[in-house]
Amino acid sequence: MIKSFRHTLFVGKEILHLPSCQSTNDTLTQIMHQQSINEGYIVICDEQTQGKGQRGNVWLSAPGENLTFSLLLKPHFLDVSQQFYLNMAISLGIYHALVDYVRMDLCVKWPNDIYVATKKMGGILIENTLRGSMLEHSIVGIGLNINQMKELLPHATSLKAVTGQSLDLEEILQQLAGHIESYYLKLKKLQFGDIKAQYQRLLLGWQCERQFEKEGKIFSAVITGIDDQGRIELKTKQGLQRFGLKEISFVL
Ligand code: BTN
């Protein structure tokens with residue numbers, strides 16, 4: 001069983017480690033409604049029976065081989081219009097926790113998929129609740145393929161598939177807790193410009209010409225920025241254009 005962490009200030013001071021649950025995001029939400037829990041509380045499970053992905057997708061993960069966990073944050077200092085900065089801070093934390101293992105080709109595919117070259121290694125599902133226009137609670141769900149080798153989807157990979165080595169899940173969770181905490185504290189100091197600049201540099205295709213798809217049509221463009229709402233800014237033949245989260249996809 002994973003025990004609480006000593007090296008952080010608040011992330012992972014309390015950890016609920018379950019053998020199985022439907023979704024760690026849902027379990028953490030239920031616990032939060034039943035009792036008062038502190039910022040930094042983590043629910044992790046060995047097996048998710050109904051893991052949730054972005055856009056209503058399921059998140060599949062081989063039991064006991066990967067990391068599937070959710071972290072409670074209380075970003076009361078963020079207005080709803082700034083919520084994408086939380087996604088950026090979490091992506092940066094994950095990137096820095098993994099980069100020493102992966103070394104090459106680790107990147108973030110906008111908006112917040114963790115990729116190695118053109119294969120997905122992990123994803124983030126953040127579910128926010130609001131008080132007025134401010135964020136009250138954020139359930140930060142993170143799924144990372146660590147030791148899984150079998151039954152990876154064609155566009156998926158794992159840390160073991162990339163490095164050739166089995167890795168200790170608790171050690172990686174500790175790294176994640178530390179790096180996510182540092183970027184969250186940076187966010188708390190409202191260092192938005194620095195967070196955005198760092199996030200943009202990690203993006204798959206940042207300032208390179210790539211192909212994208214919109215409504216079945218493929219076009220070439222260069223990613224030139226991300227706006228405060230998290231929309232991607234592309235330099236296309238028609239000039240600069242911004243696209244929202246579900247409007248375009250990458251051609252990989
Ligand atoms: C994505 O679609 O890329 C996001 C995947 C997020 C999966 C994680 S696993 C832990 C947490 N619990 C869930 O049900 N989903 C997230």
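Predicted model, so just to flag it, every value in this text is computed and none were measured.
Side-chain N or O atoms of S138 include none that pairs as donor or acceptor with a backbone N or O of V140 at under 3.5 Å. Judged by distance alone, with hydrogens and angles left aside, the side-chain atoms of N145 form no donor-acceptor pair with the main-chain N or O of Q148 at under 3.5 Å. Using a distance-only test at 3.5 Å, with no hydrogens or angles considered, a donor-acceptor pair links the side chain of Q54 to the main chain of I124. Formation of a donor-acceptor pair under 3.5 Å by the T129 side chain with backbone atoms of H137 is found in this model. Side-chain atoms of N66 come within 3.5 Å of backbone N or O of I146 as a donor-acceptor pair. Looking only at distances, a side-chain donor or acceptor of Q48 sits under 3.5 Å from a matching main-chain atom of T24. Judged purely by atom type and a 3.5 angstrom limit, E136 has no side-chain atom pairing as donor or acceptor with the backbone of R131. When atom types are taken as modelled, the side chain of W59 and the backbone of I142 share no donor-acceptor pair closer than 3.5 angstrom. When atom types are taken as modelled, the side chain of H17 and the backbone of M1 share no donor-acceptor pair closer than 3.5 angstrom. Judged purely by atom type and a 3.5 angstrom limit, Q83 has no side-chain atom pairing as donor or acceptor with the backbone of L78.
Cluster annotation: L252 is connected to W206 through the hydrophobic network of ILVMFWY side chains, with a link wherever side-chain heavy atoms come within less than 4.5 Å. When hydrophobic clusters are built by joining Ile, Leu, Val, Met, Phe, Trp and Tyr residues whose side-chain heavy atoms come closer than 4.5 Å, directly or via intermediates, L240 is not grouped with I226. V102 and Y95 fall within the same hydrophobic cluster, where Ile, Leu, Val, Met, Phe, Trp and Tyr residues are linked whenever their side-chain heavy atoms come under 4.5 Å apart, directly or through other members. By the rule that hydrophobic residues join a cluster once side-chain heavy atoms approach within less than 4.5 Å of another member, I31 and I44 end up as members of separate clusters. L16 and L173 are members of different hydrophobic clusters when ILVMFWY side chains are connected at heavy-atom separations under 4.5 Å.
By the 4.5 Å heavy-atom criterion applied to side chains, I2 and I42 are not counted as neighbours. A heavy-atom distance below 4.5 Å is not found between the side chains of N87 and Y199. Here the side chains of I139 and I126 are not in contact, with every heavy-atom distance at 4.5 Å or above. Contact check for L169 versus N147: side-chain heavy atoms found under the 4.5 Å cut-off. In this structure the side chain of Y101 never reaches within 4.5 angstrom of the side chain of V162, judged on heavy atoms. Looking only at side-chain heavy atoms (C-beta outward), L98 and I172 come within less than 4.5 Å of each other. Residues Q241 and E247 are not in side-chain contact: their nearest non-hydrogen atoms beyond the backbone lie 4.5 Å or more apart. At a threshold of 4.5 Å between non-hydrogen side-chain atoms, the residues R210 and L204 count as touching.
Across every non-hydrogen atom of F5 and K13, the tightest pair is O-NZ, 2.8 Å. Between H76 and M134, the closest heavy-atom pair is O-CE, 3.4 Å. Taking both residues in full, the closest heavy atoms of A156 and K119 are given as O-CD, 3.7 Å, listed atom of the first, atom of the second, then distance. For V251 against F212, the heavy-atom pair with the smallest separation is CG2-C, 3.8 Å. Contact record, M121 with V116: SD-CG2, 3.7 Å, taken as the closest heavy-atom pair. In terms of heavy-atom proximity, I37 sits nearest to L72 at CG1-CD2, 3.6 Å.
Between E127 and K52 a salt bridge is recorded (basic side-chain N to carboxylate O distance below 4.0 Å).
Of the listed residues (T8, L92, I90), just one forms a side chain to side chain contact (heavy atoms under 4.5 Å, CB included) with I180, and that residue is I90.
Heavy atoms of other residues, nucleotides or ligands lying less than 6.0 angstrom from CD of E151 number 12 at most. Heavy-atom neighbours of K235 NZ from other residues, nucleotides or ligands within 6.0 Å: at or below the threshold of 12.
Here F250 and F243 keep their ring centres 6.0 angstrom or further from each other.
In this structure, I195 CD1 and M88 CE are separated by 8.0 Å, a value rounded to the nearest 0.5 Å. Atom CD of Q82 sits about 9.0 Å away from atom CZ of F77, to the nearest 0.5 Å.
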task = Run the numbers on Y184 and V11 for side chain to side chain contact (heavy atoms under 4.5 Å, CB included), then give the verdict.
result = CA-CA 10 Å; Y184 183 68; V11 171; over 6 Å; no
query = Given the rule in the side chain to side chain contact (heavy atoms under 4.5 Å, CB included) test, do L73 and F10 qualify, once you have shown the distances and angles that lead to the verdict?
reply = CA-CA 10 Å; L73 294 175; F10 64 95; 4.1 Å; yes
key: side chain to side chain contact (heavy atoms under 4.5 Å, CB included) assessment of T236 paired with F219   = CA-CA 8 Å; T236 67; F219 62 97; 4.0 Å; yes
key: Stepwise side-chain hydrogen bond (donor to acceptor under 3.5 Å, both in side chains) check, S81 with D79   = CA-CA 5 Å; S81 63; D79 186 81; 2.8 Å; yes
task = With side chain to side chain contact (heavy atoms under 4.5 Å, CB included) as the test, would you mind laying out the steps for L28 and Y41 before giving the verdict?
result = CA-CA 9 Å; L28 183 52; Y41 191 105; 3.7 Å; yes
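Identified under the salt bridge (charged side-chain N to carboxylate O under 4.0 Å, His left out) test for residues 223-234, with sequence neighbours left out: K196-D228, D227-R231, D227-R242, E233-R242.
Between the side chains of K160 and S166, at least one donor N or O sits under 3.5 Å from an acceptor N or O.
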